[in-house]
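Predicted, not measured: the structure shown is a model, and the values here were computed from it.
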Amino acid sequence: MAPLNTFRTTPARPVEMEALFPELIPHRREAVRLHPRAGSPTVADSSVGGPLLWPQAEPWPYCDQTHPEAGASPQPSAAQPMVPVLQLYAADLPELASRPPFPEGADVLQVLWCPYAHESDYMPRPQIYWRDRRTVTTVKTAPARPQGAEDDYLPAPCVLHPERVVEYPDWDLPDALADALHERFERLEEETGWAYWPHLSIAYGVKIGGYPNWTQEPRWPDCTQCGTRMEHLLTVPSVEFDGASWRTWLPLEDRPASGTVFDLDYDERRKVQSAADLMLGDMGGMYFFVCWSCPDVPFAHRADCS
């Protein structure tokens, strides 16, 4: 693997969250923001939209589902190759205090999806794979991307800059606790200008662990094998920040001298805000879940948008 020698640093929160809101301490989680930026990754690199360490002897996954009509693009009648979305090597992931997001014997996570709309959410259909990089001796070249696929679902190749952060729940904050803290959240915003929901809670952008970046009410899946609620593995959203959240979630290295992201022209801002050039619905995202209790680590996904 090539060394990850460029860093991204999320600013420290502008207030002492756990001193002001000790009730949040039981709900804190660690996540790893991946900070994709345009680049030329190889199969040996962690990446978004880059080539995968795919064994030559293993068939490439295709989607043979029916695709509903969506927009002006004609839908394919034949099975279509799935496209690489994410490859993550365990060695590139800062150690998490909680369970590492790799099953025993695996050190590579790979995510692909079919870049056409699917029932019932009109989003891509994903699949994840775990593998041991030591067992891959000859690498298969991916098929060409499907002609006529949704451009918004074809991630541009990006290298990653993993960074461990702490986050607190947004949509997943229990209702009773949200009600109890409401007045204090409001007072903090009035006194400092920092709002809990966009500035101080969940980390934005592509990330491993932590909480999903829901844009609608949470829909946590239960494992179809054992019935327990699955754990959040990965969020792949449309953007790394929006018009409010950039104030705390835009990395220091990407800030203009003025400190205001809107001083960047549109193209420069998109290189940071949406380096992978994805748009899932209206500023939506896709969320991946796994069950660590079951030996084969089943997965599920959810997607939503504004």
Side-chain angles (χ1 to χ4, degrees), residues 1 29-32 34 43-44 46-48 50-65 79-115 118-121 123-140 142-143 155 160 162 172 206-214 218-236 285-304:
M1 288 170 291
R29 290 187 180 179
E30 289 190 339
V32 176
L34 298 182
V43 297
S46 293
S47 65
V48 164
L52 302 183
L53 186 76
W54 197 270
Q56 176 65 41
E58 185 174 328
W60 191 267
Y62 277 68
C63 176
D64 59 2
Q65 294 188 2
Q80 298 295 309
M82 303 182 88
V83 299
V85 176
L86 173 75
Q87 177 165 269
L88 186 62
Y89 284 90
D92 290 335
L93 193 67
E95 184 178 357
L96 292 172
S98 57
R99 181 194 303 274
F102 289 86
E104 184 176 355
D107 61 2
V108 185
L109 166 63
Q110 296 171 330
V111 180
L112 302 91
W113 66 33
C114 174
H118 292 73
E119 298 282 8
S120 59
D121 53 18
M123 290 280 194
R125 183 179 71 84
Q127 184 63 49
I128 71 172
Y129 297 85
W130 308 96
R131 58 181 85 254
D132 181 346
R133 71 180 187 276
R134 296 168 298 183
T135 66
V136 182
T137 56
T138 307
V139 178
K140 181 190 291 288
L160 305 182
D172 286 298
V206 183
K207 65 182 179 183
I208 294 283
Y211 289 98
N213 288 51
W214 306 108
R219 294 183 297 122
W220 288 82
D222 292 330
C223 177
T224 57
Q225 297 183 24
C226 69
T228 60
R229 192 173 92 160
M230 304 178 86
E231 296 184 37
H232 175 239
L233 172 71
L234 167 71
T235 282
V236 178
M286 188 169 291
Y287 321 105
F288 297 79
F289 304 85
V290 292
C291 178
W292 296 114
S293 300
C294 292
D296 57 343
V297 193
F299 103 100
H301 78 281
R302 296 287 186 266
D304 64 10

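Taking CE of M82 as the reference point, atom CZ of R125 lies at 4.5 Å (rounded to 0.5 Å). How far OG1 of T138 is from CD of E58: 13.0 Å, rounded to the nearest 0.5 Å. Taken to the nearest 0.5 Å, the CE atom of M230 stands 11.5 Å off from the NE2 atom of H301.
Annotation: side chain of M286 is in contact with side chain of P124 (closest heavy-atom distance under 4.5 Å). In this structure, the side chains of P61 and L112 come closer than 4.5 Å at one or more pairs of heavy atoms. No side-chain heavy atom of L86 sits less than 4.5 Å from a side-chain heavy atom of S47. Taking 4.5 Å as the limit, every side-chain heavy atom of W113 sits out of range of all side-chain heavy atoms of I128. Inter-residue side-chain proximity for F289 and F299 is flagged as unmet; no heavy-atom pair is nearer than 4.5 Å. Residues V48 and L160 have side chains in contact (heavy-atom distance under 4.5 Å, counting atoms from C-beta outward). Contact annotation: the side chain of K140 never approaches that of P55 to less than 4.5 Å [non-hydrogen atoms, C-beta and beyond]. Using a 4.5 Å heavy-atom threshold, the side chains of Y62 and P143 count as touching.
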What verdict does the side-chain contact (heavy atoms from CB on, under 4.5 Å) test give for C114 and Q127, after you've listed the backbone C-alpha separation in whole Å, the side-chain angles of each residue and the deciding distance to 0.1 Å? CA-CA 9 Å; C114 174; Q127 184 63 49; over 6 Å; no

Report the C-alpha separation of L109 and Y129 in whole Å, then their side-chain angles, then the decisive distance to 0.1 Å, and conclude whether the side-chain contact (heavy atoms from CB on, under 4.5 Å) test is met. CA-CA 6 Å; L109 166 63; Y129 297 85; over 6 Å; no

Just do the side-chain contact (heavy atoms from CB on, under 4.5 Å) check on K207 and V32 with the steps written out, would you? CA-CA 5 Å; K207 65 182 179 183; V32 176; over 6 Å; no

L234 vs V206, test: side-chain contact (heavy atoms from CB on, under 4.5 Å). Steps then yes/no. CA-CA 7 Å; L234 167 71; V206 183; 4.3 Å; yes

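Smallest separation of non-hydrogen atoms from P81 and P115: O-CD, 4.2 Å. Nearest heavy atom pair, residue N213 against residue Y287, reads O-OH, 2.9 Å. Pairing each heavy atom of A303 with each of M123, the nearest pair is CB-CG, 3.7 Å. The minimum heavy-atom distance between Q87 and L52, with the atom names listed, is OE1-CA, 3.3 Å. The two atoms that bring G50 and P84 nearest to each other are O-CB, 3.3 Å, heavy atoms only.
A salt bridge links D107 with R133: the distance from a Lys NZ or Arg NE/NH1/NH2 to an Asp or Glu carboxylate oxygen falls below 4.0 Å.
For the residue pair D296 / Q225, a side-chain donor-acceptor distance below 3.5 Å is found, with atom types taken as modelled.
Side-chain N or O atoms of Q80 include none that pairs as donor or acceptor with a backbone N or O of D64 at under 3.5 Å. Under a 3.5 Å cut-off, the side chain of Y211 and the backbone N or O of R29 do not form any donor-acceptor pair.
More than 12 heavy atoms of other shown residues, nucleotides or ligands fall within 6.0 angstrom of atom CD in Q56.
For the pair R131 and W54, the cation-pi criterion (under 6.0 Å, within 45° of the ring axis) is fulfilled.
Residues passing the side-chain hydrogen bond (donor to acceptor under 3.5 Å, both in side chains) test with H232, sequence neighbours excluded: T235.
Taking the six-membered ring where the residue is Trp, W130 and W292 present tilted rings, their angle falling between 30° and 60°. Aromatic ring pairs are classed by plane angle as parallel below 30°, tilted from 30° to 60° and perpendicular above 60°; the pair W214 and W220 is perpendicular.
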